Asks: 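To start, I am sharing the structure in question, which I have written as structure tokens.
All of these numbers come straight from a predicted model, not from anything done at the bench. Index from 1, following the sequence.
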Amino acid sequence: VAPMVWRGKGMAAIGLEVGAARDVDFVRLAKGFDLQGNALVQNAGEEDRRVGTDWTFSADKSVSEAMAIATPDMRDKIIAAHHRAVDRSMEFLEQFAEAHRDKAGQNVESVQGIMAARVTHFANRDMEPNLHCHVLVMNVAPRADGTFGAVDQAWMLEYKKAASALYRAELAKGMQELGFGITKVVEKDDRGQETGDVFFLLSGMSDEWRAAVSKR
């Protein structure tokens, strides 16, 4: 599994293809430069410049545990299902992406696509199985006229809940296609009222097991 890959339609604007990413290109883009070192935005290279926004997609603990004890072939299929769910969610978000036009940042417009790096992790800090991806949406994107602008943050926050729900549903579908049973859980608050969030667990993993393998 490539540790970091490029995602987003905006990558083509600087001559990069969706796929495995190099550290040197990641650093240049994070600082607001293209691959040749040319500034894409006005504050490129400044220390206080926002690099981007980190979207984290974490598989349910039951999925991570299944990955950890699976055969190599099944393990790879579970990771692939997770990646498809992450990419589907980011494609959903990408259609709403906007970038600022002026220096003050008051005017925004649609972009050709986002420029993002997807990084895959397989464990948490306690070294427990924890399949998850960080998707860093870079704070620069190509506008329709071919120029570049800083990415507006509002659109991502507005669709955050929908993207998370889509990821969970897509991963559950992928695990079902691999032959796993799925248990649907509707979240409720302290008063017993449904919050609107739905989660999917692999069937057969008890609450006691989940607690035993979840220090965090």
Asks: Heavy-atom distance under 4.5 Å between the side chains of I79 and M67, does that happen here?
Replies: yes
Asks: CZ of R7 to CD of E91: how many Å apart, nearest 0.5 Å?
Replies: 8.5 Å
Asks: Rounded to the nearest 0.5 Å, what's the gap from CD on Q112 to NZ on K9? Could you check?
Replies: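 So the CD of Q112 and the NZ of K9 are separated by 11.0 Å.
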Asks: Could you tell me if the side chain of L171 sits less than 4.5 Å from the side chain of F200, heavy atoms only?
Replies: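 No. Closest side-chain heavy atoms not under 4.5 Å.
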Asks: Which value, rounded to the nearest 0.5 Å, describes the distance between F26 atom CZ and M138 atom CE?
Replies: 4.0 Å
Asks: Salt bridge between E128 and K61, side-chain N to carboxylate O under 4.0 Å?
Replies: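 Between K61 and E128 there is a salt bridge, with a charged N closer than 4.0 Å to a carboxylate O.
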Asks: For residues E170 and S89, determine if any side-chain heavy atom of one lies less than 4.5 Å from a side-chain heavy atom of the other.
Replies: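 SC-SC contact between E170 and S89 ruled out.
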Asks: Please name the pair of heavy atoms, one in A116 and one in V135, separated by the smallest distance, quoted to 0.1 Å.
Replies: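 Closest pair (atom of A116, atom of V135, distance): CB-CG1, 3.9 Å.
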Asks: Any link between V24 and V5 through a network of hydrophobic side chains (Ile, Leu, Val, Met, Phe, Trp, Tyr) touching at under 4.5 Å?
Replies: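 Different hydrophobic clusters.
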Asks: Measure the spacing between CE of M115 and CZ of F148 and express it to the nearest 0.5 Å.
Replies: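 With rounding to 0.5 Å, CE (M115) is 5.5 Å from CZ (F148).
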Asks: Can you check whether V151's main-chain N or O pairs, donor with acceptor, with N139's side chain at less than 3.5 Å?
Replies: yes
Asks: Is a side-chain donor or acceptor of R168 paired with a backbone partner of V198 at a separation under 3.5 angstrom?
Replies: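 Yes: the side chain of R168 pairs with the backbone of V198.
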Asks: Is there a path of hydrophobic side-chain contacts, each under 4.5 Å between heavy atoms, that joins L131 and L166?
Replies: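 As far as the 4.5 Å side-chain criterion goes, L166 and L131 are connected within one cluster.
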Asks: Does the side chain of M74 come within less than 4.5 Å of F180's, by heavy atoms?
Replies: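 F180 vs M74: side chains touch.
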Asks: Does the side chain of L136 come within less than 4.5 Å of V119's, by heavy atoms?
Replies: no
Asks: Taking it one step at a time, do W6 and E17 satisfy side chain to side chain contact (heavy atoms under 4.5 Å, CB included)?
Replies: CA-CA 7 Å; W6 292 123; E17 296 181 357; over 6 Å; no
Asks: If I take atom OG1 from residue T120 and atom NE2 from residue H134, how far apart are they, to the nearest 0.5 angstrom?
Replies: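 Reported to 0.5 Å precision, the distance equals 10.0 Å.
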Asks: When you compare the side chain of L29 with that of M11, does any pair of heavy atoms fall below 4.5 Å?
Replies: yes
Asks: Testing the basics here: between G32 and A44, what is the closest heavy-atom pair and its distance to 0.1 Å?
Replies: O-CB, 3.4 Å
Asks: Just so I know, are the side chains of D60 and F199 near enough to count as touching, which here means a heavy-atom distance under 4.5 Å?
Replies: no
Asks: T183 vs M205, test: side chain to side chain contact (heavy atoms under 4.5 Å, CB included). Steps then yes/no.
Replies: CA-CA 10 Å; T183 299; M205 187 177 189; over 6 Å; no
Asks: May I ask whether M90 and V111 are part of the same hydrophobic cluster, defined by side-chain heavy atoms of I, L, V, M, F, W, Y residues being less than 4.5 angstrom apart, directly or through others?
Replies: no
Asks: Side-chain heavy atoms nearer than 4.5 Å, only ILVMFWY residues, links allowed to pass through others: does that put M4 and V86 together?
Replies: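 Each belongs to a different hydrophobic cluster.
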Asks: Closest heavy-atom contact between F92 and A163?
Replies: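 So the minimum-distance heavy-atom pair works out to CE2-N, 4.0 Å.
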Asks: Indicate if L40 and I114 have the same hydrophobic cluster label, given that clusters are the connected sets of ILVMFWY residues with side-chain heavy-atom separations under 4.5 angstrom.
Replies: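 Result: no, two separate clusters.
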Asks: Please lay out, stage by stage, how L178 and M175 fare under the test side chain to side chain contact (heavy atoms under 4.5 Å, CB included).
Replies: CA-CA 5 Å; L178 292 177; M175 296 303 288; 4.3 Å; yes
Asks: Considering residues, nucleotides and ligands other than D145, do more than 12 of their heavy atoms fall under 6.0 Å from its CG?
Replies: yes
Asks: List the atom of L202, the atom of A66, and the distance in Å for their closest heavy-atom pair.
Replies: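 Nearest heavy atoms, L202 then A66: CD1-CB, 3.7 Å.
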Asks: Looking at Y167 and A85, what are the two nearest heavy atoms and their distance?
Replies: CD1-CB, 3.5 Å
Asks: Do you see a donor-acceptor pair shorter than 3.5 Å between the side chains of H132 and T56?
Replies: no
Asks: Once you measure the plane-to-plane angle for F96 and Y159, does it fall in the parallel (<30°), tilted (30-60°) or perpendicular (>60°) bin?
Replies: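 The arrangement is parallel - the two ring planes meet at less than 30°.
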Asks: Would you say that V41 contacts R49 through its side chain, given a criterion of any heavy-atom pair below 4.5 Å between the two side chains?
Replies: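 Side-chain contact under 4.5 Å: yes.
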Asks: Looking only at atom types and distance, does a side-chain atom of R143 sit under 3.5 Å from a main-chain N or O of V108, one as donor and one as acceptor?
Replies: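 Flag not set: sc R143 to bb V108 has no pair under 3.5 Å.
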Asks: So which heavy atom on E94 is nearest to which on G113, and how close?
Replies: OE2-CA, 3.4 Å
Asks: Give, for atom CD of E109 and atom CG of D152, the distance between the pair rounded to the nearest 0.5 Å.
Replies: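 Reported to 0.5 Å precision, the distance equals 11.5 Å.
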Asks: Decide yes or no on side-chain hydrogen bond (donor to acceptor under 3.5 Å, both in side chains) for D73 and T71, but give the supporting numbers first.
Replies: CA-CA 5 Å; D73 180 62; T71 63; 5.3 Å; no
Asks: I would like to know whether D34 and R28 meet side chain to side chain contact (heavy atoms under 4.5 Å, CB included); could you show each step before the answer?
Replies: CA-CA 6 Å; D34 65 14; R28 286 172 179 163; over 6 Å; no
